[in-house]
Amino acid sequence: MALPLLLPLLLLPLLAESKLSLDYYQKTCPDFPKIIRQVVTDKQLSSPTTAAGVLRVFFHDCVVGGCDASILLSSNYVNATERDNDINRSLPGDAFDLVIRAKTALELQCPGIVSCSDILAEAARDLVTMVGGPFYPIRLGRKDSRESKSTDVEGHIARANMSMTQIIDIFAGKGLNIQEMVALAGAHTIGFSHCSEFSNRIFSFSKTSQIDPSMNPQYAERLQKLCGNYTKDSTIAAFNDAMTPGKFDNMYYVNLRRGLGLLASDQAMASDPRTKPFVDLYAANQTAFFDAFSRVMEKVTVFNVKTGNKGEVRRRCDASNGLQSNGNPTNANTKH
Ligand code: HEM
Ligand SMILES: *[C@@H]1O[C@H](CO)[C@@H](O)[C@H](O)[C@H]1NC(C)=O
Ligand SMILES: *[C@@H]1O[C@H](CO)[C@@H](O)[C@H](O)[C@H]1NC(C)=O
Ligand SMILES: *[C@@H]1O[C@H](CO)[C@@H](O)[C@H](O)[C@H]1NC(C)=O
Ligand SMILES: *[C@@H]1O[C@H](CO)[C@@H](O)[C@H](O)[C@H]1NC(C)=O
Ligand SMILES: CC(=O)N[C@H]1CO[C@H](CO)[C@@H](O)[C@@H]1O
């Protein structure tokens, strides 16, 4: 009885995914890849923190309701959006700026054609490759969401102070196994974290030790100096990968084996028996890491994609077409 009903439901996400294609814009916006590459290159050269920012924003977008650029919507007075959830508080402005630049360039060339979610997916891949990481194909044709809710974020984003079991559960909820989770966490080979995200590991770990004993003591001392003023200046941040901070490589895993993990969740990957074998594998073999990262990113990039009339191609990436960013309905004559 239930089977005929269940089957179409199970097939639905697969069908949406199968509507995507590598050459989606070949006829309608043939310069799409070139324009993205140009904007990405300019932005990354002028702001080297862009790659990490975009990768993180893209991942967060995909795990909260799918890769639909919902994370780019600004809040209006009606509803708070994903961007305003406190978990998002430190999502980097460079990433939002890059998408706006790319969208502006694309609207000049092929107005109303390219979705913000495709821009984010393609830009994240180009940036990973540009800073030394692997290339993985991006199938295109995502539509953008019409809404975004701050309250949807909780429970989908792992926090640095969660237990490994909680983190594993969050990834499992997305259909990602432990090996895939460890490969994805290798994204912390670039970018940085604010002191508040690891301050408990260097200032007030326990009654008997200020410093987390799983952290290399010299590294802890350097972080204490860096973060000394963090309660007054909340912008202070440390590189996630202290050795090769701007390069996408397997140094993140090598670091973990030496107590040079920055976040508690990073360091725990090297000791928890469920994750350690994969940390050891990727520390020893960068090719194995790149292969695994590419495979799992291909999976993440099509999470709950919206195609057809399930979404829209936004005219501007921070507001759905039905609304201006101030929450007012758009002027009727600006609508298609
Ligand atoms: C395993 C669970 C994870 C936890 C607990 C976690 C947590 C965090 C935290 C706390 C930060 C610092 C944010 C800040 O202070 O601004 C951060 C940064 C970052 N995360 Fe994760 N993350 C995880 C997995 C991932 C995954 C799967 C990706 C992407 C595939 C990712 C990509 C990044 C990047 C690139 C940065 C640096 C951002 C920047 O420099 O602007 N993280 N993460
Ligand atoms: C606000 O949230 C409600 C309830 O989820 C939703 O129906 C509505 O479309 C949202 N409004 C805007 C302007 O995003
Ligand atoms: C974990 O970190 C978040 C944000 O950094 C904080 O709001 C929360 O209170 C922390 N939880 C625990 C149990 O320390
Ligand atoms: C600490 O931060 C405050 C506020 O930003 C600043 O005025 C002060 O100069 C900083 N002190 C040091 C030692 O960096
Ligand atoms: C590293 O991993 C790749 C890909 O899995 C594999 O083909 C290669 O044999 C491995 N190299 C070593 C030295 O184990
Ligand atoms: C509440 C809050 O700080 N929200 C921020 C989420 O991230 C975006 C992008 O950096 C900011 O513009 C929001 O102010």
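Start at 1 and go down the list; that is how both ligands and their atoms are numbered.
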(Q) Taking 4.0 Å as the limit for heavy-atom contacts, which would you say applies to Val300 with ligand 1: side chain only, backbone only, both, or neither? (A) neither
Q) Which part of Ser265 is near ligand 1, with near meaning a heavy atom under 4.0 Å away: side chain, backbone, both or neither? A) side chain
Sub-4.0 Å heavy-atom contact, [X] with ligand 1:
X: Met269; result: yes
X: Phe58; result: no
X: Thr49; result: no

Q. Do you know the tightest heavy-atom contact between Pro245 and Ala242?
A.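 For Pro245 versus Ala242, the nearest heavy atoms are CD-O, 4.1 Å.
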**Q.** Proximal candidate to atom 38 (C) of ligand 1 [heavy atom criterion; set Arg56, Met297, Arg159]
**A.**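 Ranked by closest heavy atom to atom 38 (C) of ligand 1, first place is Arg56.
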Purely on distance, is any nitrogen or oxygen of [X] under 3.5 Å from one on ligand 1?
X: Met181; value: no
X: His194; value: yes
X: His188; value: yes

**Q.** Flag for Tyr252-Asp266: side-chain donor and acceptor within less than 3.5 Å
**A.**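 Yes, because at least one side-chain N or O of Asp266 sits under 3.5 Å from a partner of the opposite role on Tyr252.
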**Q.** Test applied, side chain to side chain contact (heavy atoms under 4.5 Å, CB included); reference residue, Ser115; option that passes from Ile113, Ile119, Asp118
**A.** Asp118
Q: State whether the side chain of Asn250 and the backbone N or O of Ala283 hold a donor-acceptor pair below 3.5 Å, judged by distance alone.
A: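 Checking the backbone N and O of Ala283 against the side chain of Asn250, a donor-acceptor pair under 3.5 Å is found.
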Q. Do the rings of Phe289 and Phe248 sit parallel, tilted or perpendicular, given the 30° and 60° boundaries?
A.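 Rings of Phe289 and Phe248: parallel, under 30°.
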Q: Count the heavy atoms of every other residue, nucleotide or ligand shown that sit under 6.0 Å from CD of Glu221, and state whether that count exceeds 12.
A: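 At most 12 heavy atoms, drawn from other residues, nucleotides or ligands, come within 6.0 Å of this atom.
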Q. Does NZ in Lys276 sit with more than 12 non-hydrogen atoms of other residues, nucleotides or ligands closer than 6.0 Å?
A. no
Q. Just one of Arg142, Lys306, Lys310, Lys143 clears the side chain to side chain donor-acceptor pair (under 3.5 Å) bar with Asp68, so which one?
A.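 It is Lys306, the one option of Arg142, Lys306, Lys310, Lys143 that forms the side chain to side chain donor-acceptor pair (under 3.5 Å) with Asp68.
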Q | Spatial distance of atom CG (Leu262) from atom CG (Leu256) [nearest 0.5 Å] | A |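 The CG atom of Leu262 sits 10.5 Å away from the CG atom of Leu256.
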Q. Can you find an N/O atom of Asn229 closer than 3.5 Å to an N/O atom of ligand 4?
A. yes
Which N or O atoms of ligand 5 sit under 3.5 Å from a protein N or O, and how far apart is each pair?
| from | atom 1 | to | atom 2 | distance (Å) |
| --- | --- | --- | --- | --- |
| ligand 5 | 2 (O) | Asn285 | OD1 | 3.3 |
| ligand 5 | 2 (O) | Asn285 | ND2 | 2.4 |
| ligand 5 | 11 (N) | Asn285 | ND2 | 2.9 |

